[in-house]
Amino acid sequence: MRIIGIIAAGGSGSRMGLPEGKQLLEIAGKPVVAWSTQALCDINEMDEVIVVCDPDRVEEYSSAILTAVSSDTPLSFVGGGETRAESVLAGMCAISEVDETEKNPDMEFRDTVIVIHDGARPLATATMMQDALNAYKSDEAADGVVVGHPSSDTLKRVEGTRVIETPDRSQYWAVQTPQIFTLGTLLDAYKYAMDHSLEVTDDSSLVEAYGKRVVMHLGPRDNIKVTCPEDVAFVEAALLARA
């Protein structure tokens with residue numbers, strides 16, 4: 001089983017107030033995206049890691065991450081698209097066996113396992129990612145595995161500021177990454193999404209829309225995405241505490 005990691009690192013950083021993006025923001029001595037990249041590279045079974053970043057800053061990302069990451073795992077960099085879906089697709093097309101024109105690899109490469117992780121989730125560990133990968137491999141009926149945790153907050157559906165309803169939170173999970181699928185499943189789901197003009201915020205939504213079975217895997221609550229300035233202090237304290 002061939003396993004390839006894709007780091008989605010093309011976020012704009014608008015909510016952080018960083019016009020240059022948040023991925024290279026230094027936290028606990030390393031760029032944010034370097035922590036995520038290191039965790040993927042540290043998975044024993046990982047064959048390759050591809051970092052998808054701003055197409056105008058590939059060299060900058062490459063230099064910063066290669067300086068901060070220590071691993072024998074092959075690491076490559078590719079420019080992404082305007083949306084997350086386009087960026088992840090660019091990462092898949094960077095796999096050498098995928099025909100960039102047809103997006104239709106030979107069957108043996110369709111079984112390649114793709115582990116997708118957000119570059120802005122620096123608290124993910126190799127152990128957590130390995131556990132999710134083991135869960136995927138052990139569930140033969142699953143077409144995909146998504147890390148997350150049950151919602152602990154009461155949820156409200158609102159219109160404007162008015163509360164419309166309070167759904168049963170026991171049915172809801174907060175979704176994180178990594179998200180794990182085969183290359184063939186992802187390519188088919190992406191083609192379906194493009195044919196039907198679907199726009200979603202994560203890869204599992206495309207696989208679900210395509211009619212495949214996705215299951216949740218319990219992950220740590222601290223696997224947060226660095227989104228707002230107040231996230232930085234929490235993440236830095238957590239990383240320093242591990243040292």
Next item on the list: Kindly check if the number of other-residue, nucleotide or ligand heavy atoms within 6.0 Å of NZ (Lys191) is above 12?
Entry: no

Next item on the list: Keeping to residues at least two apart or across chains, list the salt bridge (Lys or Arg N to Asp or Glu O under 4.0 Å) pairs with something in residues 172-190.
Entry: Arg110-Asp188

Item checked: Spacing of OG belonging to Ser36 relative to CG belonging to Asp118, to within rounding of 0.5 Å -> 8.0 Å

Next item on the list: Verify, without hydrogens or angle tests, whether Thr67 (side chain) and Ser63 (backbone) share a donor-acceptor contact under 3.5 angstrom.
Entry: yes

Next item on the list: List, by chain and number, the other hydrophobic cluster members for Leu240, where Ile, Leu, Val, Met, Phe, Trp and Tyr join if side-chain heavy atoms come within less than 4.5 Å, directly or indirectly.
Entry: none

Item checked: For Asn134, side chain to side chain donor-acceptor pair (under 3.5 Å) partners two or more places apart -> Gln130

Check: What pairs of residues pass the salt bridge (Lys or Arg N to Asp or Glu O under 4.0 Å) test when at least one of them lies in residues 144-160, not counting sequence neighbours?
Finding: Arg157-Glu165

Next item on the list: First locate atom CD of Gln38, then atom OG of Ser70, and finally report the distance between them rounded to the nearest 0.5 Å.
Entry: 6.0 Å

Next item on the list: Sort and list the pairs that fulfil ring-ring contact (aromatic ring centres under 6.0 Å, His included) and have at least one residue in residues 137-162, not counting sequence neighbours.
Entry: none

Item checked: Tyr210 and Asp143: side chain donor to acceptor below 3.5 Å -> no

Notebook entry, point to check: Can you tell me if CZ on Arg242 sees more than 12 non-hydrogen neighbours from other groups inside 6.0 Å?
Noted result: yes

Note to self: Taking the side chain as everything from C-beta on, heavy atoms only, tell me whether Pro122 gets closer than 4.5 Å to Val226.
What the structure shows: yes

Next item on the list: Drop me the distance from Leu123's CG to Gln176's CD, to the nearest 0.5 angstrom.
Entry: 10.0 Å

Next item on the list: For residues Met1 and Glu45, determine if any side-chain heavy atom of one lies less than 4.5 Å from a side-chain heavy atom of the other.
Entry: no

Notebook entry, point to check: To the nearest 0.5 Å, how far apart are CD1 in Ile7 and CG in Leu40?
Noted result: 4.0 Å

Next item on the list: Please check if the distance between the ring centroids of Tyr61 and Phe77 is under 6.0 Å.
Entry: no

Note to self: Whether the Thr125 and Thr127 side chains hold a donor-acceptor pair (N or O, under 3.5 Å, no angle test) is what I'd like checked.
What the structure shows: no

Next item on the list: Could you note down all residue pairs passing salt bridge (Lys or Arg N to Asp or Glu O under 4.0 Å) where residues 29-42 supplies at least one of them, sequence neighbours left out?
Entry: none

